[in-house]
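Below, chain A is the first sequence line, B the second, and so on; all start at residue 1. This structure is a prediction, so every number in the text was calculated from the model and none was measured.
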There are 2 protein chains.
Amino acid sequence: MRISDKHSKITQAAVKVFARKGFFNARISDIAKEAKVADGTIYLYFNNKYDILISLFEDEIGKIILQVKLLLEEESDPGKKLYIFALHHLKLLDKKKDLAEVLQMELRQSNKFMKEYRNTKFIEYIDIISAIIHQGQEENIFDPTVAPGIAKRAIFGALDEMSRLWVLDENPPYTIEETAQQLSNLFLKGLTL
Amino acid sequence: MRISDKHSKITQAAVKVFARKGFFNARISDIAKEAKVADGTIYLYFNNKYDILISLFEDEIGKIILQVKLLLEEESDPGKKLYIFALHHLKLLDKKKDLAEVLQMELRQSNKFMKEYRNTKFIEYIDIISAIIHQGQEENIFDPTVAPGIAKRAIFGALDEMSRLWVLDENPPYTIEETAQQLSNLFLKGLTL
DNA sequence: TCAAAAAATGAATCCCTATTCATAATGATG
DNA sequence: CATCATTATGAATAGGGATTCATTTTTTGA
């Protein structure tokens with residue numbers, strides 16, 4: 001087994017366990033068992049428990065960024081880009097519920113922690129939104145008085161809050177498509193000149 | 001000292017300690033020291049550590065709900081109500097940074113936990129938003145095709161994400177008023193017919 | 001003023017688990 | 001096949017901290 005295989009085997013196990021029990025209640029031995037390795041083996045690939053969390057966060061967000069940027073390249077209209085972004089975000093986290101739970105946790109887990117560790121991957125992700133807004137403003141489609149730095153957070157916050165529905169509720173009252181449609185309409189009307 | 005005084009003394013201490021260290025890293029002895037009581041005393045008022053968290057959450061959200069409902073009574077225009085809600089939310093959490101950190105944490109801390117404990121106070125809070133939207137739709141001011149159940153979460157998510165700025169950043173790039181203005185404009189345009 | 005009840009104390013208990021490390025297994029090389 | 005290097009193992013360590021409870025302090029009311 002290649003080294004990277006074991007690394008990702010542990011990461012995937014950690015996603016499941018963190019989602020099931022939360023970061024603090026997850027035991028290293030739980031992750032080890034889930035990954036079918038010995039407890040000690042984990043420390044050959046990660047420095048400590050926190051390191052697993054950060055590492056998985058960066059890896060997974062990194063993958064998501066690549067995917068969505070690729071998707072957005074196909075489209076030029078900023079309004080449609082916004083819809084694509086929203087739909088992709090919701091779809092992805094619906095498909096990967098475990099990951100969704102962990103990302104939501106990680107983002108808030110400990111603000112102390114977030115302060116120190118400059119979360120560049122996360123910033124890169126939400127900056128995709130502000131780039132779209134900026135583009136729309138350049139092209140005189142979007143209202144130039146809207147602050148992209150506020151709107152990007154508003155949009156991300158809205159998506160994130162909605163995706164909690166799918167994480168927490170067995171039978172969410174809305175479909176993914178309906179939600180993406182509603183949200184992007186709402187923000188599009190809000191952004192348009 | 002009346003019983004309720006000691007209860008709230010412990011609650012207030014817990015807010016500070018949870019904000020400083022996070023729930024899991026906070027020790028009961030830290031809270032006891034902050035509240036100037038013995039460790040054991042805490043167990044005369046709360047069943048366990050979790051109970052402190054839930055209890056403080058309900059108490060504080062309860063107070064906020066009362067405040068904001070009172071404020072909203074003065075105003076009849078749903079658009080202005082939305083602005084008042086946003087401004088109040090941001091102002092309050094800016095003034096009480098510790099509380100803001102704890103509420104943000106609590107909301108996500110453990111999704112498992114959130115699933116079991118039906119968080120009625122939180123639901124009551126965001127339902128203030130959907131009531132405003134509903135009113136606007138009844139009065140033919142807001143677009144009837146907007147789903148209040150989605151919009152309420154979008155608006156709350158946006159506010160919550162923005163308030164993280166003040167919690168995490170020493171020098172936030174926007175003022176409270178500017179942010180409330182931008183957010184309510186954004187959503188107002190999105191909601192209006 | 002003085003029991004009796006209520007409230008508070010904090011040291012001791014008891015459990016939990018992240019991390020380490022001596023040992024074992026596996027793989028590579030000539 | 002023999003040797004060295006790499007990788008994996010999991011029992012033992014080591015420390016932390018939530019909760020309990022026997023004891024002390026404070027309050028109540030007769």
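Nearer the 5' end of DNA chain C, as judged by each residue's closest nucleotide, is the contact made by B:Val37, out of B:Val37 and A:Asn48.
We find that B:Lys189 and A:Asp143 are joined by a salt bridge, their nearest charged nitrogen and carboxylate oxygen being less than 4.0 Å apart. Contact check on B:Glu124 versus B:Lys69 returns a salt bridge, with a Lys/Arg side-chain nitrogen under 4.0 Å from an Asp/Glu carboxylate oxygen. The residues B:Lys121 and B:Glu58 are annotated as not salt-bridged, no charged nitrogen and carboxylate oxygen being separated by less than 4.0 angstrom.
With rounding to whole Å, A:Ile31 atom CD1 is found 12 Å from C:dT17 atom P. Between A:His7 atom NE2 and D:dT7 atom P there is a gap of 14 Å when expressed in whole angstrom units. Between A:Ile42 atom CD1 and D:dT7 atom P there is a gap of 17 Å when expressed in whole angstrom units. Between the CD1 atom of A:Ile28 and the P atom of D:dA14 there is a distance of 19 Å, given to the nearest Å. Taking atom NZ of A:Lys21 as the reference point, atom P of C:dC16 lies 11 Å away to the nearest angstrom. Atom CG of B:Asp39 and atom C1' of D:dG16 are 14 Å apart (whole Å). Nucleotide C:dT20 holds its P atom 15 Å from the CZ atom of A:Phe46, rounded to whole Å. A straight line from NZ of B:Lys33 to C1' of C:dG10 spans 13 Å, rounded to a whole angstrom.
Close to D:dG17, at under 4.0 Å from its OP1 or OP2, lies no side-chain N or O of B:Ser29.
In summary, the aromatic rings of B:Phe187 and A:Phe187 are positioned with their centroids under 6.0 Å apart.
Comparing D:dG17, D:dA8, C:dA8 against the side chain of A:Lys6 picks out D:dA8 as the nearest. In this structure, the nucleotide among C:dT9, D:dA18, D:dT7 sitting nearest to the side chain of B:Leu44 is C:dT9. Of the candidate nucleotides C:dA18, D:dT20, D:dA8, C:dA18 has the atom nearest to the side chain of A:Tyr43. Counting only heavy atoms from C-beta on, A:Tyr45 has its side chain closest to D:dA8 among D:dG17, D:dT19, D:dA8.
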- Working for side-chain contact (heavy atoms from CB on, under 4.5 Å), residues A:Leu186 and B:Ile150: CA-CA 10 Å; A:Leu186 194 65; B:Ile150 293 179; over 6 Å; no

